[in-house]
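Below: the structure, in structure tokens.
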Amino acid sequence: FFFPRSKVLACLQRFYLFVSLSQNSCWTFLILFSSLFPHRERVQVQAVGSVCTFIMATSMSLSAWNHHALLKATASVNFSQGRLERGAKNKECREVLRELTRARESFLEQIGNAANSRNNVARACDEYLSLLQGLVSANPSSHTTTAAPLSTQTTEGSSDSAAADGSDQTQSQTQSQEDTTKPQSETTLQPPPAYQQSGLRNGMLFKWRDALSGETCEYEDAQAELICTLLNMGLWHCMHASALQSTAASDDEETMKEIYQTLRAAASYFHFVERDQLARIPQKDNCDMDQRLVRAMTIQCLAEAQEVTVHRARVKGHAAKLIAGIARDQHYRFADARKCIDKMDRKLVGDLVTYFDFKENFYEAMSLCYNGIDLHDAEKCGDAVYVLREANKKLQLCREGADAYSKTRKKNKKLAKVTNKEQDVIDTDSFVTLAKLVKTKLDKAEHERGFIYRQSLPHDMPELAPARALVQADTYVLPTLSPLWSAAEFDQSAIPRRGRDAGADLASSDNAKIKSGPNHAERVDDGALCTVM
């Protein structure tokens, strides 16, 4: 060579550290190239490659671990013509209606692409909801209406950067579930219920496709439109997180943190709908606005956000006891999500139940595995063998659950479109790595128990590490009422009820149909996946 061998060696090590995480072919190149070095330096180069290969093997393949769905589909709505236009008393009213039509189309345009910026999508959603609130909060007892804002008292959300890095922050499992199911804010202004007719609130017909049954649902209520919009925001954040996961490298901390924050944001939308909004419309079971399902979606998004935390804790080599605690909390979260939908129609949520069962067993196996490692490190070999054997049993349940999930996925054409068809769940890096880790640690613990420690097996499960919850939902707040409503005055008595004025009904887009396909946006990328439902 023309360069000193030591410099070539150093450059080669740096090259492999950066490239080998994503290019497996570099390992073959490294072996051939290292043969040009003397034996001792050859070992140094290949040792670097071995470390990088181990890091590759222990990285989680998050994108292949989610239960996917697309957005709720909807039909177009024309606010600026038809029934609402009949009640407009000044030009400001007509401007509000035109802006409502434009803002809705702009919002649907933004969520049609999972790769769009979170800020742009949130801005489009806030603009539409700030206008829509004028319809939702209209007073039915007043003929001439100026809309009042919906105001809420809010609390600050928790910090997310430390949890995304897998740092040692602790909370009890009970507290973590209370944080996601109990109200964090109280609404100070209750809009009228759906059965109290308001010319503005009930003046338009909104059509949405139910994500569970696939049926088209019609709502003559702006409150239902607000709920469907917020649910779509939560679903889009799940799609965005999956799109990021599908391209993220295992060492890309910024992308991992973005995934973590995105799933927390998704949980905040579902939590807000379940906590504050669903009670304002008539309840219907076994649909995508079923309170039980929305609560399950909140828990699921938080659990999948915490998967990033588990991944970071494993990659960074945190203590086995910490990883065991986080995994145990994951086990509880997926179990609670399953309980939420346990009494729903199994034909509609059977896929999701199977998915929750698999994740529950997987994280229980992971928790037991790392508890066994912690006990082994403490020279409690008998307890370690007992716990690791239980982890092996849970992994077997995982395999059975994964087989059932794979069969269900192949039967469901809609689900098959948006899931990884080339790779079964048990073939992913995460599952294979955990199975190998359990086997290796169990073999080692049994060997040492018999030849070194000679400890007997316990009769009952040893004390395990307590659950550690490191994730909470953000607190979502509705945007303030648009200032365009300040000068708008509507005569609600002049707004006809649907069916009484055929011309107004036709102009109001009552005959509009939901576009074909699973999504209102025809160009939506099939690779943009959603982690819930």
Side-chain angles (χ1 to χ4, degrees), residues 71-75 77 79 83-84 100 104 107 125 128-141 145 147-152 181 183 185-235 268-298 340-341 344-345 348-349 476-479 481 492 495 497-499 508-510 514 532-533:
L71 300 172
K72 286 171 61 66
T74 184
V77 175
F79 294 93
R83 289 184 294 272
L84 293 185
L100 270 167
R104 190 178 195 267
F107 167 67
C125 179
Y128 176 53
L129 292 183
S130 68
L131 291 162
L132 187 65
Q133 283 188 74
L135 303 181
V136 175
S137 60
N139 184 357
S141 63
T145 300
L150 298 175
S151 59
T152 56
T181 57
S185 65
E186 296 296 335
T187 304
T188 58
L189 177 63
Q190 292 285 348
Y195 55 82
Q196 293 184 6
Q197 290 293 325
S198 159
L200 286 176
R201 174 171 170 172
N202 305 104
M204 293 299 296
L205 178 67
F206 303 96
K207 297 180 182 180
W208 289 87
R209 180 172 292 148
D210 187 278
L212 285 184
S213 65
E215 299 176 354
T216 297
C217 301
E218 297 184 349
Y219 305 100
E220 291 184 66
D221 189 352
Q223 175 64 33
E225 167 74 1
L226 183 143
I227 290 173
C228 290
T229 300
L230 290 171
L231 287 177
N232 250 6
M233 273 298 284
L235 291 171
S268 72
Y269 287 103
F270 297 136
H271 185 38
F272 178 74
V273 168
E274 185 261 328
R275 180 193 67 198
D276 289 342
Q277 302 300 313
L278 285 178
R280 302 178 183 184
I281 62 174
Q283 297 298 300
K284 180 183 176 182
D285 292 339
N286 296 310
C287 67
D288 59 8
M289 289 198 289
D290 191 314
Q291 188 175 20
R292 297 168 294 180
L293 179 63
V294 179
R295 184 181 297 118
M297 292 157 66
T298 303
C340 290
I341 61 174
M344 292 183 64
D345 188 346
L348 298 176
V349 297
Y476 175 74
V477 183
L478 280 172
L481 183 69
Q492 297 201 60
I495 300 176
R497 294 287 301 276
R498 188 165 74 97
S508 298
S509 305
D510 286 2
I514 297 176
V532 286
M533 297 171 56

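Note: hydrogens, waters and symmetry copies are ignored here, and every other heavy atom, side chains too, is used.
- The CD1 atom of Ile227 sits 9.5 Å away from atom CZ of Phe272, with the distance rounded to the nearest 0.5 Å.
- For the residue pair Leu135 and Ala222, the shortest heavy atom distance occurs at CB-CB, 3.8 Å.
- By the 30° and 60° cut-offs, the orientation of the rings of Tyr476 relative to Tyr269 is tilted.
- Listed here is the closest heavy atom pair of Leu200 and Gln492: N-OE1, 3.2 Å.
- Between the side chain of Ser130 and the backbone N or O of Leu481, no donor-acceptor pair lies under 3.5 Å.
- Looking only at side-chain heavy atoms (C-beta outward), Asp285 and Arg292 come within less than 4.5 Å of each other.
- Two residues are said to be in side-chain contact when any heavy atoms from C-beta on lie closer than 4.5 Å; Phe270 and Leu231 meet this criterion.
- Remark: the backbone N or O of Thr229 is not paired with any side-chain donor or acceptor of Lys72 at under 3.5 angstrom.
- Side chain of Asn232 to main chain of Leu71: no donor-acceptor pair is present (N/O by atom type, distance under 3.5 Å, no hydrogens or angles).
- In this structure, CG in Leu132 is found 10.5 Å from CZ in Phe107, a value given to the nearest 0.5 Å.
- Here the straight-line distance linking atom CD of Glu215 with atom CD of Glu218 works out to 12.0 Å at 0.5 Å rounding.
- To the nearest 0.5 Å, atoms CG (Asp276) and CG (Leu478) are separated by 8.5 Å.
- The heavy-atom pair separating Met204 from Ser508 by the smallest distance is CE-O, 3.6 Å.
- Heavy atoms only, all atoms of each residue included: Ala75 and Ile514 are closest at N-CG1, 3.7 Å.
- In this structure, Gln283 contributes its side chain and Leu278 its backbone to a donor-acceptor pair below 3.5 Å.
- Looking only at distances, no side-chain donor or acceptor of Glu274 sits under 3.5 Å from a matching main-chain atom of Met297.
- Looking at Arg83, its side chain does come within 3.5 Å of a backbone N or O of Gly203 through a donor-acceptor pair.
- One distance of note links OG of Ser137 with CG of Leu226; it measures 10.5 Å at 0.5 Å rounding.
- Annotation: side chain of Met289 is not in contact with side chain of Trp208 (no heavy-atom distance under 4.5 Å).
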Handout entry: side-chain contact (heavy atoms from CB on, under 4.5 Å) between Ile281 and Tyr219, intermediate numbers included
Key = CA-CA 10 Å; Ile281 62 174; Tyr219 305 100; 5.7 Å; no
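- Asp288 contributes no side-chain N or O that, together with a main-chain N or O of Asp210, makes up a donor-acceptor pair within less than 3.5 Å.
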Practice task
Just do the side-chain contact (heavy atoms from CB on, under 4.5 Å) check on Leu212 and Leu293 with the steps written out, would you?
Solution key: CA-CA 10 Å; Leu212 285 184; Leu293 179 63; 3.7 Å; yes
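- Side-chain contact annotation: Arg275 with Thr298, donor-acceptor N/O pair under 3.5 Å absent.
- Using a 4.5 Å heavy-atom threshold, the side chains of Lys207 and Ser509 count as separate.
- Asp290 places a side-chain N or O within 3.5 Å of a backbone atom of Asn286 that can act as its donor or acceptor partner.
- At a threshold of 4.5 Å between non-hydrogen side-chain atoms, the residues Glu225 and Arg104 count as touching.
- Rounded to the nearest 0.5 angstrom, Leu84 CG and Leu100 CG are separated by 8.5 Å.
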